[in-house]
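The structure appears right after this line, and notes come after that.
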Amino acid sequence: MTADKAAPPGIDPSIPSVARVYDFMLGGKDNFESDRRVAEHALRITPDGPAAGQANRAFLRRVIRFLVTEAGIDQFLDIGSGLPTQGNVHEVATEHNPQAHVVYVDNDPIVLTHGRALLAAEGTATVIQGDVRTPQEILDHPEVHRFLDFDRPIGLLLFAILHHLGDEEDPRAVAAALIEAIPSGSYVAISHFRDPGERHPEASRKAREVERIFNESLGTGRWRTDEEILSFTDGLTLLEPGLVPVAEWRPDPDASAPKQTDTYHTFVGLLARKP
């Protein structure tokens, strides 16, 4: 979104948004100058930020394909979905199962506006405005129950969202509330910013610096350790290859991975099953 375009009603373009910062990183146009300033500041430290965003989207597509074609999942709750971009969950899911249902959730009003426009002709996907910090409000939303059957397994998607909850917001309790609500046989996919610590000291240093920038400009962003990220899946069965850089999660043998450098070890993902 160019700077001279008027913002949709209810949106203050001077306040950066997580969804719009990611949109900029992915090469989208639905962002404002305030969003670009945050992204460009971070890119001075980790210039491969766009490649990290692309790697996360590729991870998402591989996870959805696996869940539909191998695990038999045909309904998804995507929380913190962000702005619509190529290879959305419902596009990947319905490619393999035309009856797959998807509910997208985001707290940015611009996501609701664009999502509704995108899904106007779809009968199997919807978007609602909601905040992961209040999981029960999401779970109680009538659209969620209109599209998803909680008596059957669900794919709970938490891509690049839990790292925007500070420790004081108790993200473990948030994840636990969502996981408790889905039935046995469901799956949980997570991607998360990681601080690799002493294993990759330079990547760790840059992670901490970008974390500082995100918190100063967005008021959010937490690069966690492996142990902290894995704690979100307590009680679940972790699928191979476990918690790994997103590019290493069951990569397509013929696909060329985005060229990550600084962010390779600081953006990780996993898929787990609820027994």
Side-chain angles (χ1 to χ4, degrees), residues 15-19 21-22 38 42 56 59-60 63 76-82 103-109 111-112 127-141 143-145 148 150 154-184 186-197 204 207-239 242-244 246 266-275:
I15 299 175
S17 148
V18 170
V21 170
Y22 279 120
V38 174
N56 184 55
F59 168 62
L60 175 152
V63 165
F76 299 89
L77 180 59
D78 184 3
I79 301 180
S81 57
V103 175
Y104 295 107
V105 185
D106 204 280
N107 67 348
D108 190 327
V111 173
L112 196 66
V127 57
I128 66 169
Q129 189 169 350
D131 195 315
V132 69
R133 296 170 182 84
T134 53
Q136 198 59 48
E137 290 184 14
I138 294 171
L139 294 168
D140 291 342
H141 198 287
E143 280 290 277
V144 170
H145 290 274
L148 306 180
F150 279 75
I154 290 171
L156 173 62
L157 311 179
L158 299 170
F159 293 108
I161 182 63
L162 292 174
H163 55 225
H164 289 298
L165 297 184
D167 294 345
E168 72 283 359
E169 295 173 299
D170 202 353
R172 284 188 65 183
V174 168
L178 293 165
I179 292 168
E180 183 180 1
I182 57 179
S184 174
S186 294
Y187 287 79
V188 181
I190 296 173
S191 63
H192 199 291
F193 293 154
R194 173 176 72 171
D195 183 345
S204 177
R208 291 194 299 271
E209 181 63 12
V210 177
E211 181 179 79
R212 180 186 64 79
I213 291 168
F214 267 50
N215 278 276
E216 288 178 354
S217 53
L218 285 171
T220 177
R222 178 77 161 78
W223 275 245
R224 293 188 166 94
T225 65
D226 281 7
E227 293 74 19
E228 289 174 313
I229 298 168
L230 287 169
S231 73
F232 297 130
T233 64
D234 285 351
L236 305 181
T237 301
L238 198 62
L239 274 67
L243 178 66
V244 293
V246 289
T266 61
F267 206 172
V268 293
L270 62 82
L271 180 65
R273 185 179 185 273
K274 183 175 179 179

Around atom CD of Glu216, are there more than 12 heavy atoms from other residues, nucleotides or ligands closer than 6.0 Å? yes
Is the number of heavy atoms from other residues, nucleotides or ligands under 6.0 Å of Glu137 CD greater than 12? no
[X] and [Y]: which non-hydrogen atoms are nearest, and at how many Å?
X      : Y      : value
Ile229 : Phe193 : CD1-O, 3.9 Å
Leu165 : Thr220 : N-OG1, 4.3 Å
Ser204 : Gly197 : CB-O, 3.6 Å
Tyr187 : Ile182 : O-CD1, 4.4 Å

Stepwise side chain to side chain contact (heavy atoms under 4.5 Å, CB included) check, Phe232 with Asp234: CA-CA 6 Å; Phe232 297 130; Asp234 285 351; over 6 Å; no
Looking at residues at least two apart in the chain, or sitting in another chain, which of them share a side chain to side chain donor-acceptor pair (under 3.5 Å) with Gln129? none
So, [X] side chain and [Y] main chain: donor-acceptor pair closer than 3.5 Å or not?
X      : Y      : answer
Glu169 : Gly166 : yes
Ser184 : Pro275 : yes
Asp106 : Gly82  : yes
Lys274 : Ile154 : no
Asn215 : Gly221 : yes

Pair Phe76 + Tyr104: ring centers closer than 6.0 Å: no
Using the six-membered ring wherever Trp is involved, compare the ring planes of His192 and His163 and label them parallel, tilted or perpendicular (cut-offs 30° and 60°). perpendicular
Can you label the angle between the Phe214 ring and the His164 ring as parallel, tilted or perpendicular, going by 30° and 60°? parallel
Please examine the side chains of Pro196 and Thr266, heavy atoms only from C-beta on, and report whether any two atoms are closer than 4.5 Å. yes
Give a yes or no on whether a salt bridge exists between Glu211 and Arg208, defined as a side-chain N under 4.0 angstrom from a carboxylate O. no
Does the distance from a Lys or Arg side-chain N to an Asp or Glu carboxylate O, for Arg222 and Asp167, drop under 4.0 Å? yes
Nearest-0.5 Å distance, CG of residue Leu236 to CG of residue Leu271: 10.0 Å
Residues Asp195, Arg224; criterion salt bridge (Lys or Arg N to Asp or Glu O under 4.0 Å); working and verdict: CA-CA 5 Å; Asp195 183 345; Arg224 293 188 166 94; over 6 Å; no
How far apart are the C-alpha atoms of Leu156 and Ser186, what are their side-chain angles, what is the distance that settles it, and do they pass the side chain to side chain contact (heavy atoms under 4.5 Å, CB included) test? CA-CA 8 Å; Leu156 173 62; Ser186 294; over 6 Å; no
Asp108-Ser17 side chain donor-acceptor pair, cut-off 3.5 Å: yes
Run the side chain to side chain contact (heavy atoms under 4.5 Å, CB included) check on Leu139 and Val144 step by step: do they pass? CA-CA 7 Å; Leu139 294 168; Val144 170; 5.7 Å; no
